[in-house]
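Residue numbers start from 1 in every chain, and the chains themselves are labelled A, B, ... in the order their sequence lines are given, proteins ahead of strands.
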Number of protein chains: 2
Amino acid sequence: MRARINGKAGGRPGGMSRGGASIQDVAREAKVSIATVSRVVNQPTLVTEETASRVREAIKKLGYVPNAYAQGLSGRGGKVLGIVLPDIFGEFYSELLRGADGEARRLGYHLLVSSDAHDHGHPTRNENLAFGLIDGLALMMTEPNVELWRETLDAALPTVVLDAEVNEPGVDSVSVDNTEGTREATEHLLSTTAPDRCFFVGGPKENFDTKARAEVFCATLAAAGRPCTEPQVSCGEYSVDWGRAWGRERQRGAGLKGCAVLAANDEIALGVMQAAQEAGVRVPEDLKIVGFDDTRLATLVRPSLSTVRVPLQEVGAAAVRLLVERVTDSEKPATRMKVGTKLVVRESSRA
Amino acid sequence: MRARINGKAGGRPGGMSRGGASIQDVAREAKVSIATVSRVVNQPTLVTEETASRVREAIKKLGYVPNAYAQGLSGRGGKVLGIVLPDIFGEFYSELLRGADGEARRLGYHLLVSSDAHDHGHPTRNENLAFGLIDGLALMMTEPNVELWRETLDAALPTVVLDAEVNEPGVDSVSVDNTEGTREATEHLLSTTAPDRCFFVGGPKENFDTKARAEVFCATLAAAGRPCTEPQVSCGEYSVDWGRAWGRERQRGAGLKGCAVLAANDEIALGVMQAAQEAGVRVPEDLKIVGFDDTRLATLVRPSLSTVRVPLQEVGAAAVRLLVERVTDSEKPATRMKVGTKLVVRESSRA
DNA sequence: GCGCAGCATGAAAGCGTTTTCAGGAGTTAT
DNA sequence: ATAACTCCTGAAAACGCTTTCATGCTGCGC
């Protein structure tokens, strides 16, 4: 229960905010009606310059800032967008967020961030979402199970889904077109390594991107005349640990030497690299590795990591842009946006 | 301008939200007054079980979710906290945010995230802050210049400052106690390296933490009988690039071999390590390196990085906790909280 | 000089809650 | 049986803003 300050708030002239001057105070100070104050703020052309300047002065003097709740309530929307991510930890989400934040800032919106990590996809999420507070929602699903988010998607709230294509009417989406980048990467590996020594180490089996990337990987191998066998594609999770585990396992078996690995993200790639280093297998001389995402990680490790660039900041920014468009124009038809991917060759896969 | 839906919203029975069922609709459906509905939601004990269950049913049927704006406006606060960081990019902020997010979630609050990166400490920030929307503000200042934030600090808004001690009445702070960790780290380096070959590579010169760490570093050297000379402490920025630049410079000069470096964060340490590797200087055989923060980076690189652990997630969580306490009890005296630091020895500094 | 258009302003409704106050129905004590 | 309570519920005010509608004023054309 917040303390309520009745009537005029005393104290410093400038700088009050909450519990500070209201539109009423400004109106009184400038000797006009609250309607006029509101107009000065929102539709300045409707007010005489003389009146307006008097009002502006009063606003300044009292340090008036419109109360966002009241604005929201009276139908203007509070300029807040929600963004829900599986987690907000690590370079991947970090970059996504940064893109979204920048764009939101540019468009005059605020970002309400929420990560799923603490109550993994549990339906209680919906309650947590501050529905009614946010004007739009950018949603990145952990699991491909759209039904988990049924309620959310059905809500009459502008929504854009990140990094997954959904077939919901009226729901925008921004996803990654893995085709080009994956193909490039695979061909790049094939240029130095025999098809049957190429491996794809994926994230979660049901993950949209992992699935897409695995598919293109196999297709490219097939196009090279050597359809990939089952053991050449493995799935796990998007983590260094999984990559390392896969690498050790392989090393114990047929060995990593002479192989090439395309990982479904940079973390996995890094894990594989660590396993190789542990075993004394040199990268890139004995083992080629290509990651995915081109997070900062790729340039931080040695040897630097070849990777497929995904413009994550753009994805975040695009999501926000789409959302704002939809918020301001609810008639806008649903947009399915795709951003391209491209191979970036660094040290870990050099011939 | 959002479309306004007048009167009852048609459409699907469940799942509406914005423009969806209001407390009025629920009241009508359950044949009670809105006051009763509100009570069922907020103070269930005041309502007969029979009435309450009827109301709950109506709520469920209509998919009613309280409108946060209205709640905010009517004095209950919208359960939103703002958090402003210099940037939201990289492992450091990532971890801080994760801690804050988790705690906020636990306490039933939402997090409005905003990074300073796009308009570096510019006063327009204040307008951007959704004042009036947030119940409290966690603020991490880029620069030590408190005056830049004067307006913000003066605002009658519960505020907690992160990672810096401020002397503002009524403003809480959560900062890092660098003493213990820095001392441990310095002594650790001194155990293998001569005092005059130990270096501190800092972040920005005015940064609170860099200053504190440099000081302890020097004091520890002095305690070991060999006060540090000027060139042993350098400042730059918190980046890999700066660390690498420092390393190259030193290598060009007296050489890195046989030295020990304490960096002000893990990124700088990593940069130094890269410079060493470039020059064929082995870590830790020829050069000991200790970082700061213990971000995930430290365990991802090879050799793994010895570092001083700063419980960043705890810092984030504590900030939120303090903020919520202050929001709910505005009389609470200002708290200055400090979290400790501790050396974690990994490979990069082994004897 | 009169009527009418056009413009600047004010009054008031409405947004969806919470909360205070008052009243009505039972219950218990006298 | 009545007074005094207790419990539950409803009516209504308040929160601060946007927006519609009405009104008074100015100036123009006839």
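One finds no side-chain N or O of A:Gln24 lying less than 4.0 angstrom from the OP1 or OP2 phosphate oxygen of D:dC15. Put simply, B:Gln71 has no side-chain N or O that comes within less than 4.0 Å of OP1 or OP2 on C:dG16. Contact annotation: A:Ser74 does not reach the phosphate of C:dG14 (side-chain N/O to OP1 or OP2, under 4.0 Å). Taking side-chain N and O atoms only, A:Asn67 has no distance below 4.0 Å to OP1 or OP2 of D:dC15.
Of the charged side-chain nitrogens involved, none lies within less than 4.0 Å of a carboxylate oxygen, so that A:Asp101 and A:Arg98 do not count as a salt-bridged pair. No salt bridge links B:Asp172 with B:Arg336; every basic N to acidic carboxylate O contact stays at or beyond 4.0 Å. Using a 4.0 Å cut-off between charged side-chain N and carboxylate O, A:Arg54 and A:Glu57 make no salt bridge. At a threshold of 4.0 Å, the pair A:Lys79-A:Asp135 does not count as salt-bridged, since none of the basic side-chain nitrogens sits closer than that to a carboxylate oxygen.
The residue A:Ser38 sits close to a base: some heavy atom pair falls under 4.0 Å. Using a 4.0 Å heavy-atom criterion, one finds that B:Glu49 contacts no nucleic acid atom at all.
Regarding A:Tyr69, its OH atom lies at a distance of 17 Å from the C1' atom of D:dA14, rounded to whole Å. Rounded to whole angstrom, the span from the CG atom of A:Leu73 across to the C1' atom of D:dA14 amounts to 12 Å. Note: OH (B:Tyr64) to C1' (C:dG16) measures 7 Å, nearest angstrom. What separates CD of A:Glu50 from P of C:dC7 is a distance of 18 Å, to the nearest Å. If you measure from atom NZ of B:Lys79 to atom C1' of C:dT17, you get 15 Å, rounded to the nearest angstrom. One can place CG of B:Asp25 at 11 Å from P of C:dC15, the figure rounded to the nearest angstrom.
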If you look only at distance, which donor and acceptor atoms sit under 3.5 Å apart when one is on a side chain in residues 46-53 of chain B and the other is two or more places apart or in another chain?
| unit_1 | atom_1 | unit_2 | atom_2 | d |
| --- | --- | --- | --- | --- |
| B:Glu49 | OE2 | B:Arg56 | NH2 | 2.8 |
| B:Ser53 | OG | B:Glu50 | O | 3.1 |

Find every protein N or O atom lying less than 3.5 Å from an N or O atom of nucleotides 24-27 of chain C, and list the pairs.
none

Any N/O pairs under 3.5 Å between the protein and nucleotides 4-10 of chain D? List them or say none.
| unit_1 | atom_1 | unit_2 | atom_2 | d |
| --- | --- | --- | --- | --- |
| D:dC8 | O3' | B:Thr48 | OG1 | 2.7 |
| D:dT9 | OP1 | B:Thr48 | OG1 | 3.1 |
| D:dT9 | OP1 | B:Thr51 | OG1 | 2.2 |
| D:dT9 | OP2 | B:Thr48 | N | 3.1 |
| D:dT9 | OP2 | B:Thr48 | OG1 | 3.3 |
| D:dG10 | OP2 | B:Ser33 | N | 3.0 |
| D:dG10 | OP2 | B:Ser33 | OG | 3.3 |
| D:dG10 | OP2 | B:Thr36 | OG1 | 2.7 |
| D:dG10 | N7 | B:Arg39 | NH2 | 2.8 |
| D:dG10 | O6 | B:Arg39 | NH1 | 3.3 |

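Counting only heavy atoms from C-beta outward, the side chains of B:Leu85 and B:Leu96 approach each other to under 4.5 Å. Side chains of A:Met140 and A:Tyr93 form a contact here, defined as non-hydrogen atoms less than 4.5 Å apart. Looking at heavy atoms from C-beta onward, A:Leu162 lies out of side-chain contact with A:Leu139 at the 4.5 angstrom threshold.
Of all non-hydrogen atoms in A:Arg326 and A:Lys332, the two that sit nearest each other are NH2-O, 2.8 Å.
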